[in-house]
Amino acid sequence: MNETAATLIDRRRRECAAVMQTDDARAAIALHGTPVLLLDPSIVVRQYTRLRTALPFVRFHYAVKVCAHPAVIAALAEEGCGFDVASGEEIALLERQGVAPHRVIHTHPVKKPAEIGAALAAGIRTFVVDNEIELEKFRRGGAPDARLLVRLAYRSPHAGSDLSSKFGVSAERAEALVARADAWGLTVAGFSFHVGSQLDDPARFAAAIRDTAALMSRLERASGRRFTLLDIGGGFPIAYDRPVAALEEIARVIRPVLDPLAARYEILAEPGRVLVAESALLVTSVDGVAERPDGRWYYLDDGLYGSYSNVLTEGVHPLVFAERDLIAPAPPRRRATLAGPTCDSADVIARDCDLPDLRVGDLVVSPVMGAYTSVTATRFNGRPFTPVAVLTRVLLHHSRRSGMSRRSLSEAAPQA
Ligand SMILES: Cc1ncc(COP(=O)(O)O)c(C=O)c1O
């Protein structure tokens, strides 16, 4: 049966209920209070397995920026996943976790010369460029064995975040960059792109791959060279408050284009959100209740400047459930506004939420809070970062099969 918005919300509610009933979740809330993010690394492993099954010939590099928690890195490293970094801090995090540099690619198109030097010294060899000034940095840095990927820009108006205006070049500009790299003795190994984050449009994904492959063939024919790498970026969407194309559906649409290319090129991808979004649940509590001219307002102890930063930076519409509604929503109910704890009036998480009457101290739960949440949180108003408790035995996806958790949580790990 195809999922509708209503059945999705019901599924998310049941997933939250399953986690919240576990000993792990209760122990985490008892230990940390609220707000607290409950992270289940087994969900990350499940998503990685789905990606590998759907696209078996693709080498995945998890985009560390999306959730840099050590438990996520450890789970993916253990599974053999590669990593995609954007800064020296992320390289250091991977080093601390024992990830070998040949498993790491650096995809930030604009870097300080010193960052390039440090990444090269750390053993990383695959980098992204999208302009001549950046190429020049590699020439001056003396990196003849670096494998450069030229990032292409594809507009994706339907993506949650279109990434084509800040970075990436047209096919024509890319061709000129390849010529310049040749002249400077640098190696352009291939091309990369990012179709836009949260892109619920498999055909757009397929078109970007097709266009890139066409450019690669054209340049190969013209110069007799052979490229070796094609990096198809990230962008796989996740169902927050409405259904989206499953990654298996996206794979079904892109494989006819991608499969023949796998014989000629090493295919890389940089998934982020699809791996981690579903792995974390945010538990907050009600700090205050007020009646305003537009109705009831609830003030939570986490907000847009904290874990709900995905609302600001990614346009996410988070689902928000009262804990007492998780088993079965009960009357009386009302429409209410949910606000964050800071004194900034932009700190509004959601409006028109269907909620039971809540009191100060009641728990409120949001699912799908693993991506672009803790990493983009700030300490605005002097508020501390929300702790992350790693659930070791919750297994959201196993909970129906195997009952609830047995072992307790590990210590909350600091944010990278
Ligand atoms: C270069 C790069 N790769 C990968 C990602 C991860 O994208 P997503 O979370 O859409 O999979 C991002 C996100 O901004 C990015 O900038």
Side-chain angles (χ1 to χ4, degrees), residues 43-44 47-48 50-52 54-55 58-69 72-73 76 81-87 90-91 94 104-111 115 119 124 126-131 134 148-156 158-169 190-202 204-205 208-209 212 229-240 244-247 250-251 254 267-280 309-310 312-316 368-376:
I43 301 292
V44 181
Q47 292 297 93
Y48 178 61
R50 284 179 65 194
L51 272 178
R52 290 199 57 198
L55 296 168
V58 174
R59 172 101 182 105
F60 294 100
H61 291 262
Y62 167 60
V64 174
K65 64 180 79 83
V66 181
C67 175
H69 195 283
V72 169
I73 307 298
L76 288 170
C81 187
F83 295 91
D84 154 30
V85 297
S87 70
E90 290 181 350
I91 296 171
L94 294 177
V104 182
I105 62 175
H106 196 305
T107 65
H108 199 311
V110 179
K111 304 160 280 298
E115 283 183 278
I124 297 172
T126 308
F127 295 87
V128 167
V129 292
D130 73 352
N131 66 81
E134 204 64 17
L148 304 181
L149 296 167
V150 173
R151 176 149 161 185
L152 300 166
Y154 293 115
R155 290 226 46 228
S156 286
H158 303 304
S161 305
D162 185 314
L163 300 174
S164 66
S165 58
K166 185 169 175 183
F167 299 117
V169 285
F191 294 84
S192 74
F193 58 82
H194 195 302
V195 284
S197 203
Q198 186 70 0
L199 179 68
D200 187 18
D201 186 355
R204 186 76 199 89
F205 217 135
I209 297 169
T212 307
L229 291 182
L230 167 61
D231 178 349
I232 64 172
F236 296 93
I238 274 291
Y240 289 95
V244 294
L247 65 89
I250 295 170
I254 67 176
I267 315 277
L268 312 181
E270 308 156 16
R273 185 192 311 261
V274 75
L275 284 171
V276 291
E278 292 180 318
S279 70
S309 49
N310 56 355
L312 269 181
T313 60
E314 298 292 314
V316 166
V368 200
M369 288 294 285
Y372 305 105
T373 50
S374 51
V375 279
T376 37

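Numbering of ligands and ligand atoms starts at 1, following listing order. Along the sequence shown, residues carry numbers from 1.
Of all the atoms in ligand 1, the ones that sit under 4.0 Å from a non-hydrogen atom of Gly234 are 11 (O). Atoms of ligand 1 lying under 4.0 Å from at least one heavy atom of Ala63, given by number and element, are 4 (C), 5 (C), 6 (C). Listed by number with element, the atoms of ligand 1 under 4.0 Å from a non-hydrogen atom of Thr107 are 1 (C). Every atom of ligand 1 with a heavy atom of Asp84 under 4.0 Å away is listed here by number and element: 3 (N), 4 (C). Near Arg151, the atoms of ligand 1 lying under 4.0 angstrom from a non-hydrogen atom of the residue are 1 (C). If you number the atoms of ligand 1 from 1 as listed, the ones under 4.0 Å from a heavy atom of Ser197 come out as 8 (P), 9 (O), 10 (O). Atoms of ligand 1 lying under 4.0 Å from any heavy atom of Arg273, numbered from 1 in the order shown and given with element: 8 (P), 9 (O), 11 (O).
When side chains are defined from C-beta on, Ile250 does not count as touching Leu199, because their heavy atoms never get closer than 4.5 Å. Side-chain atoms of Glu115 and Ile91, non-hydrogen and from C-beta on, never get closer than 4.5 Å to each other. Within the 4.5 Å cutoff, side-chain heavy atoms of Gln47 are placed close to those of Ile238. Side-chain contact between Met369 and Val316 is absent, with no heavy atoms from C-beta onward closer than 4.5 Å. Side-chain contact between Leu76 and Phe60: absent, with no pair of heavy atoms (C-beta onward) separated by less than 4.5 Å. Using a 4.5 Å heavy-atom threshold, the side chains of Leu94 and Ile73 count as touching. Between Tyr62 and Val44 there is no side-chain heavy-atom pair separated by less than 4.5 Å.
Contact annotation for Lys65 and ligand 1: only side-chain heavy atoms (C-beta onward) come within less than 4.0 Å of the ligand. With a heavy-atom cut-off of 4.0 Å, Pro271 touches ligand 1 through its backbone alone. With a 4.0 Å cut-off on non-hydrogen atoms, Val274 does not touch ligand 1 at all. At a heavy-atom cutoff of 4.0 Å, ligand 1 is contacted by no atom of His61, backbone or side chain.
In terms of N/O distances under 3.5 Å, ligand 1 is not approached by Val66. At least one N or O atom of Gly272 sits closer than 3.5 Å to an N or O atom of ligand 1. In terms of polar-atom proximity, defined here as any N/O pair under 3.5 Å, His194 does make such a contact with ligand 1.
Arg151 has no carboxylate O lying under 4.0 Å from a charged side-chain N of Asp231, or vice versa, which leaves the two without a salt bridge.
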For the pair Val128 and His194, evaluate side chain to side chain contact (heavy atoms under 4.5 Å, CB included) and give the outcome as yes or no after the intermediate values. CA-CA 12 Å; Val128 167; His194 195 302; over 6 Å; no

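Of all protein heavy atoms, the one lying nearest to atom 4 (C) of ligand 1 is Glu270 O, 3.1 Å.
The closest approach between Tyr372 and ligand 1 falls below 4.0 Å for a heavy atom of the residue. The shell of residues lying under 4.0 angstrom from ligand 1, judged by heavy atoms, includes Gly235.
Checking side-chain atoms of Ser197 against main-chain N and O of Gly235 turns up no donor-acceptor pair under 3.5 Å. For the pair Lys111 (side chain) and Glu134 (backbone), a donor-acceptor distance under 3.5 Å is absent.
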